[in-house]
Amino acid sequence: MNRNHSPKVDEIDRKLSDPIQTFISEAVKGLPDEQLSMAWRSELNDKLRLVRPVSKASALLSFVWKPTAGLAMAGCLALAFVMLNSSGPVAKQGSNLEASLVSAHRDAMTARDVAGEGIGIAELRETTQGSFEETWTEVDLGSL
Amino acid sequence: MRRWLWPSLLICLVPTLVSAQPHRRGDIPPDLAPILRRMLTSSRTARYVGQRVVEFKNGLERARHVELVLRDGPRTRTEFPDESPFKGQVIVENGRQRLHYFPDKNEIRILPQRGDETARRLMHSLGRARREGHRIVINEGGSVAGHQTQLAAVVDGKGNAVQRLWIEPRSGVLLRRELLDRSGNRHGFFEFQRISFTPTIGPKEFEIDRKGAIIVTLADMARRQAKQLGLSFVLLPPDSGYRLDSVRIMRPEEKPVLAMAYGSPDGRFTLFQMKGPLSQSKLRSTPREGLTTYSWTVGEETFLLVGDLPIAKLQQITQQLGDS
């Protein structure tokens with residue numbers, strides 16, 4: 001039997017040719033073609049992502065490897081920056097002996113004002129043990 | 001009648017001449033608050049025994065230690081607790097000189113008294129504060145070492161405290177003092193932790209008698225330390241009007257420097273002596289905060305004066321320096 005001419009197929013063809021069916025078909029064809037909104041699509045994707053189960057591999061990629069890769073790249077950039085700007089060993093920051101001396105005078109005078117008759121800055125290093133002073137010789141005391 | 005004329009004139013004139021004399025630096029200003037007047041006179045009259053903590057800046061560090069102090073007017077005896085790095089040392093001021101005993105070296109150093117200078121500097125700081133337009137604000141100070149105090153705060157024109165003094169009102173004894181720097185941080189302070197105003201004072205408390213001890217003067221120390229650094233020995237003569245107060249070797253920026261501190265009624269300065277040059281441009285650009293500086297070189301050595309004296313005075317000092 002030829003399938004195209006079976007009673008069932010004929011029945012379906014007759015129903016599709018019905019005027020009401022034809023009217024609805026034409027009406028649907030006449031509807032305007034709407035372009036899908038990107039914002040809507042994005043929102044839909046977000047919603048789907050929430051309900052879609054995330055695989056462990058994806059989670060590992062998102063929370064571990066991606067940040068690690070970012071840090072590694074930043075570190076490489078920083079290293080490259082330093083190496084490019086480095087002109088040999090880092091030079092010692094300029095000293096300021098002059099300011100240190102002025103400051104030392106100020107510290108010593110303040111210490112005298114608060115210490116009064118007690119120990120001042122000049123005696124600080126002269127602890128009972130470990131003083132750097134050597135034994136006096138007759139030459140040292142020759143002026144007495 | 002005529003024989004009474006000149007005595008009568010003298011009797012009339014002398015009080016006028018005396019009252020016309022300007023106040024010397026040693027005089028307490030008559031309009032100073034009573035609590036401050038009592039404080040300034042207490043250094044000559046107070047009697048107490050106590051324990052105090054002292055702290056001050058030393059470069060980048062803060063040095064802090066505890067002292068045991070006995071005072072009978074201008075005479076003092078300072079010792080240190082067993083746990084102190086200065087254990088066993090004794091410092092005595094007997095009204096004429098300062099004696100500092102080092103037990104490990106069996107050495108007694110003869111030094112100028114500091115007590116008088118302390119009181120004079122305190123009065124000078126109050127006088128200068130008033131000349132600079134600072135105010136002295138007095139309020140209740142709370143308890144210090146178990147005694148109620150009055151707090152005298154010296155504040156600048158903007159209300160920033162530059163100094164605070166906690167005074168026991170009955171005795172005038174200064175129980176706590178704070179000196180603040182320009183950023184408001186504490187530059188130095190002391191505070192009594194306990195004190196008694198009824199001390200028991202023995203007959204030889206203000207003497208140091210150690211047979212066999214080596215007697216050392218500041219001039220000896222200056223000579224030896226100059227030799228240690230390979231520097232020439234320079235000292236102001238005793239009649240220069242300036243008193244050598246201390247000598248030490250310091251190493252700022254890892255450079256050995258001999259520092260000699262001098263004092264006088266007019267002010268204080270430090271003479272720094274070192275090998276090698278100083279940068280004049282850096283010296284000029286260094287914040288002075290009221291200090292003056294003057295430097296010069298002799299051969300390979302550089303000298304730097306830093307003090308609160310006018311520059312003309314510092315220049316005069318260079319002419320007085322010479323070998324002892």
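Everything numeric in this text was worked out from a predicted model, so none of it was measured.
In this structure, the portion of B:Phe189 lying under 4.5 Å from any heavy atom of chain A is its backbone and not its side chain. Using a 4.5 Å cut-off between heavy atoms, B:Arg284 does not touch chain A at all. For A:Thr110, the parts lying under 4.5 angstrom from a heavy atom of chain B are both the backbone and the side chain. At a 4.5 Å heavy-atom cutoff, the contact between B:Ile91 and chain A is made by side-chain atoms alone. Contact annotation for B:Arg52: only side-chain heavy atoms (C-beta onward) come within less than 4.5 Å of a heavy atom of chain A. Heavy-atom distances place both the backbone and the side chain of B:Thr270 under 4.5 Å from chain A.
Using a 4.0 Å cut-off between charged nitrogen and carboxylate oxygen, A:Arg112 and B:Asp245 count as a salt-bridge pair. In this structure, A:Glu117 pairs ionically with B:Arg71, as a charged nitrogen and a carboxylate oxygen lie closer than 4.0 Å. A salt bridge links A:Glu123 to B:Arg114: one of the charged nitrogens lies within less than 4.0 Å of a carboxylate oxygen. Salt-bridge annotation for A:Glu126 and B:Arg248: absent, with no side-chain N of the basic residue lying under 4.0 Å from a carboxylate O of the acidic one. B:Asp308 and A:Arg106 are not joined by a salt bridge, as no carboxylate oxygen comes within less than 4.0 angstrom of a charged side-chain nitrogen.
Residue B:Lys57 holds its NZ atom at 10.0 Å from CD1 of A:Ile121, rounded to the nearest 0.5 Å. The distance from the CZ atom of B:Phe80 to the OG1 atom of A:Thr127 is 11.5 Å, given to the nearest 0.5 Å. With values rounded to the nearest 0.5 angstrom, A:Asp107 atom CG is found 9.5 Å from B:Arg62 atom CZ. The CG atom of B:Asn58 lies 5.5 Å from the CG atom of A:Leu124; values are rounded to the nearest 0.5 Å. For the atom pair B:Ser281 OG and A:Glu98 CD, the distance stands at 7.5 Å (nearest 0.5 Å).
Using a distance-only test at 3.5 Å, with no hydrogens or angles considered, a donor-acceptor pair links the side chain of A:Thr128 to the main chain of B:Lys87.
Of the listed residues (B:His65, B:Lys255, B:Glu55), the one with the most heavy-atom contacts under 4.5 Å to chain A is B:His65. By number of non-hydrogen pairs under 4.5 angstrom with chain A, the leading residue of B:Thr78, B:Val92, B:Thr76 is B:Thr76. The residue among B:His100, B:Arg177, B:His187 with the most heavy atom pairs within less than 4.5 Å of chain A is B:His187. Ranking B:Leu122, B:Val54, B:Leu291 against chain A, the residue ahead of the rest is B:Leu291, based on heavy-atom pairs under 4.5 Å. When B:Ser279, B:Ser246, B:Ala261 are compared by the number of non-hydrogen pairs under 4.5 Å with chain A, B:Ser279 comes out ahead. For the options B:Val247, B:Leu283, B:Val257, heavy-atom pairs under 4.5 Å to chain A are most numerous at B:Leu283.
For CG of A:Leu16, the number of neighbouring non-hydrogen atoms (other residues, nucleotides, ligands) closer than 6.0 Å is greater than 12. Annotation: B:Gln280, atom CD; neighbour count of heavy atoms from other residues, nucleotides and ligands within 6.0 Å is above 12.
Closest of all the heavy-atom pairs between A:Val102 and B:Pro287 is CG1-O, 4.1 Å. For B:Phe272 against A:Leu101, the heavy-atom pair with the smallest separation is CZ-O, 3.3 Å. Closest heavy-atom contact between A:Val114 and B:Phe190: O-CD2, 3.2 Å.
A side-chain N or O of A:Ser100 and one of B:Glu253 form a donor-acceptor pair less than 3.5 Å apart.
Counting only heavy atoms from C-beta outward, the side chains of A:His105 and B:Thr293 never approach each other to under 4.5 Å. Residues A:Ile119 and B:Gln89 form a side-chain contact, since some pair of their non-hydrogen atoms from C-beta on lies under 4.5 Å apart.
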